[in-house]
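First up is the structure itself, then whatever we jot down about it.
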Amino acid sequence: MNFSSFNLHDDVLTGINSMGYNSPTPVQEQAIPLILDQKDMIACAQTGTGKTAAYLLPLIDKISHGNFDHTSTLILVPTRELAKQIDEQVEGFGYFASVSSIAIYGGNKGDDWDQQKRALTTGADIIIATPGRLLSHLAMGYVKLDQLNHLVLDEADKMLDMGFMDDLLKIINQLPKQRQTLLFSATMPRKIRDLAQQILKDPAEINLAVAKPAEGIDQRIYLTYDNQKLPLLEHLLRELDVQSMIIFTSRKSNVNQIVRSLLKIGFTAEGISSDMTQDEREKALQGFKNKQYQIVVATDILSRGIDIDSLSHVVNFDMPQDAEDYVHRVGRTARASSTGVAITFVNEKDMFRVQKVERLIEREVPKLPLPEDFGAAPAYDPTKRHDGGSHRQRSGNRPGAGGRDKQHRSKHHREGSKPRHADEGSKRPVKAANHTPRPRPEGGGDKAAVAGEGGGEKRRKRNNRNRNRGAAGQGPKEENQPAS
DNA sequence: AAAAAAT
C-alpha cells in the first residue's frame, strides 16, 4: 500500500515524497480515508505510530483544495515543544500545497506575541497551540475562527492530566459547531470518553494496538532505592557505549543533579524541563538532535509526542506514569540501528507499574541485580502499590515478605518471555534508505525558515493560494519517518 | 504525585 491510494492531491503527495515517506502506517491507513470523509474520530494511538501525519495529510489536502481564506484548522497540544514540532511538519508536508501554519505558545521573550497576533489576524490556515496562550489571544478578539472547520486534540489524555479541561472547553465553545473534530489519545480513561461524548459527533473509532518494542531492544530493569539511582547510573554509563541517550526523570529537581553528574564523568549533556527558559529548552533539544550533546535529561515534558530518532539508549531514571509512555520511550531506541538498550530504574513505590508494562508488551522485562558494592536493593514485589499515604493495609503482603534476594531476581532473565515473530512490533515503514535531505528551495515560498534552528517563529504566514510550484522538485526539508 | 501551561 502506498500514499497514492488515498486520493490525495498531487501537491500533497509531492510533500509526502519530499519528506521521505513511502508507505502509510496502520493508523494512517485507517485514519486518512475517514478524515477525508469528514468524519469525527476518536483514536487511541500513541506517538511513534505516524499519528501526526495521519491527521495532517488529509487536513492539508482539504485545506489546500477547499474554500477557506483564513484559519480553518486548530490543533491543540499539551506542550510547546510538540506545538513547534507539528508546525514544522505542516511546513514540510504542506509546502507544495501552500498551506500556512503558526505555532502559538507562551514562554518566549521578545516579539513573538506580535508575530502570533499578525498570523492570527491574517488567518494562518492551521493554528497549532497550547491552550493557555491561545486563550490569551482569543480574549483580545482578533482571532478569526468563523471558518474553523477542523479541530484536533492531540495527546488529549495528557492535556486533561495537566488540568487543561476548563481551558479546552473555553476554547471549544468559541468554535463553530459545524466542524470536524478529531481526538487522539494514548490512553482511553473515563475522562477522555466523557470529553469525547461532549465534543464529537458520531465519531469513528480507531484503536491501534500498542506497537510493541522491537525484538532488538535490550530492555532491563534495575530495582533500586532512590538514593542508589545516581551512583547506578554513573556505574552503568561507564560500561555502555553511549551514542545518544535520553534520561527521563519524573522530577524537575533531578534534572540538574543528573546533568552535573554526567558532566563530571565526561559526557556532554543538557537538561530539559519547565524550569528552563523556552530558549534554553529549544537550544538543548536542538543541540541534542544535532549530536552536540550525547545525553539529554528530561522531565515528562518530553514524555509525549516528541520525535527523536536513533537513540542508542533510553534510561527511565524513574518509572514512567503510563505503561504506554514506557513503550513509547523504549521504542525510540533501535530504530536507526537494529539494537538499542532501554534501562529502567524501579523503586519500591513503582513496582506495581512493572506488571502493567509487561502485560502491555506481552513479555517479561529482565530484572538485573545491582552491581557489586551497591548494597541490597528492594525486593521485587509487583503487588506492592504505593497507596498515596492512606493507611490501607494489604494482608500478608509485607514488604520483602517473599524474601527474594537479588540473585534470585536475576534469574528472570528472559525465561518465560513469549517468543514472538521477528518482525512483530516493527510494522512501521522505514524511511527510504537512500533518501537524502534536499535543500529548501530559495525563495520558493515565504515559509522559508532556517532549517531546524530555533527561529521557527520567523516564519510568516502564507495566504497566497497561487502556489509557486516552480521550485524544481525540491523538497521542503529533512524529516524522518515515521513522525507523530 | 509531579509535571506543564498564560502573564
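All figures in this text were calculated on a predicted structure; none of them were measured in a lab. Chain identifiers are assigned alphabetically (A, B, ...) following the order of the sequence lines, protein sequences preceding nucleic acid strands; residue numbering begins at 1 within each chain.
- Contacts of A/Asp161 with the nucleic acid, taken as non-hydrogen atoms under 4.0 Å apart, include base atoms.
- The distance from atom NE2 of A/His137 to atom C1' of B/dT7 is 12 Å, rounded to the nearest whole Å.
- For A/Lys158 and B/dA5, the shortest distance from a side-chain N or O to OP1 or OP2 is not below 4.0 Å.
- Partners of A/Gln197 according to the side chain to side chain contact (heavy atoms under 4.5 Å, CB included) rule, which considers only residues two or more places apart in sequence or in another chain, do not exist here.
- Between A/Glu282 atom CD and A/Ile272 atom CD1 the span is 9.5 Å, to the nearest 0.5 Å.
- In this structure, A/Ser273 reaches the sugar-phosphate backbone alone: every heavy-atom distance under 4.0 Å involves primed, P, OP1 or OP2 atoms, never a base.
- Contact check, A/Arg80 against B/dA6: a side-chain N or O comes under 4.0 Å of OP1 or OP2.
- For residues 119-141 of chain A, the ring-ring contact (aromatic ring centres under 6.0 Å, His included) pairs, not counting sequence neighbours, are A/Trp113-A/His137, A/His137-A/Tyr142.
- The phosphate of B/dT7 has OP1 or OP2 within less than 4.0 Å of a side-chain N or O from A/Arg133.
- Between the CZ atom of A/Arg251 and the P atom of B/dA2 there is a distance of 6 Å, given to the nearest Å.
- Under 4.0 angstrom from either OP1 or OP2 of B/dA4 there lies at least one side-chain N or O belonging to A/Thr299.
- Rounded to a whole Å, the CG atom of A/Leu134 is 11 Å from the C1' atom of B/dA6.
- At whole-Å resolution of the value, CZ in A/Arg304 and C1' in B/dA4 are 13 Å apart.
- Across the protein-nucleic acid pair, A/Glu81 atom CD and B/dA4 atom P stand 9 Å apart, rounded to whole Å.
- Atoms CE (A/Met159) and C1' (B/dA3) sit 16 Å apart, rounded to a whole Å.
- A/Ser136 contributes a side-chain N or O that forms a donor-acceptor pair with the base of B/dA6 under 3.5 Å.
- Residue contacts for A/Arg281: at a heavy-atom cut-off of 4.0 Å it reaches the sugar-phosphate backbone alone, with no base atom in range.
- Taking only side-chain atoms of A/Gln321, from C-beta outward, the nucleotide of B/dA6, B/dA4, B/dA1 with the closest atom is B/dA1.
- With A/Phe248 as the aromatic partner, A/Arg329 meets the cation-pi criteria of under 6.0 angstrom to the ring centre and within 45 degrees of the ring axis.
- Distance, A/Gln116 CD to B/dA6 C1': 11 Å, rounded to whole Å.
- In this entry the distance linking CG of A/Asp114 with P of B/dT7 reads 13 Å, nearest Å.
- For the OP1/OP2 pair of B/dA3 and a distance below 4.0 Å, the side-chain nitrogens and oxygens of A/Ser303 include no atom meeting the criterion.
- A cation-pi geometry, defined here as NZ or CZ lying under 6.0 Å from the six-membered ring centre and within 45° of its normal, holds between A/Lys229 and A/Phe317.
- Across all strands shown, A/Gly163 has no heavy atoms under 4.0 Å from either base or sugar-phosphate atoms.
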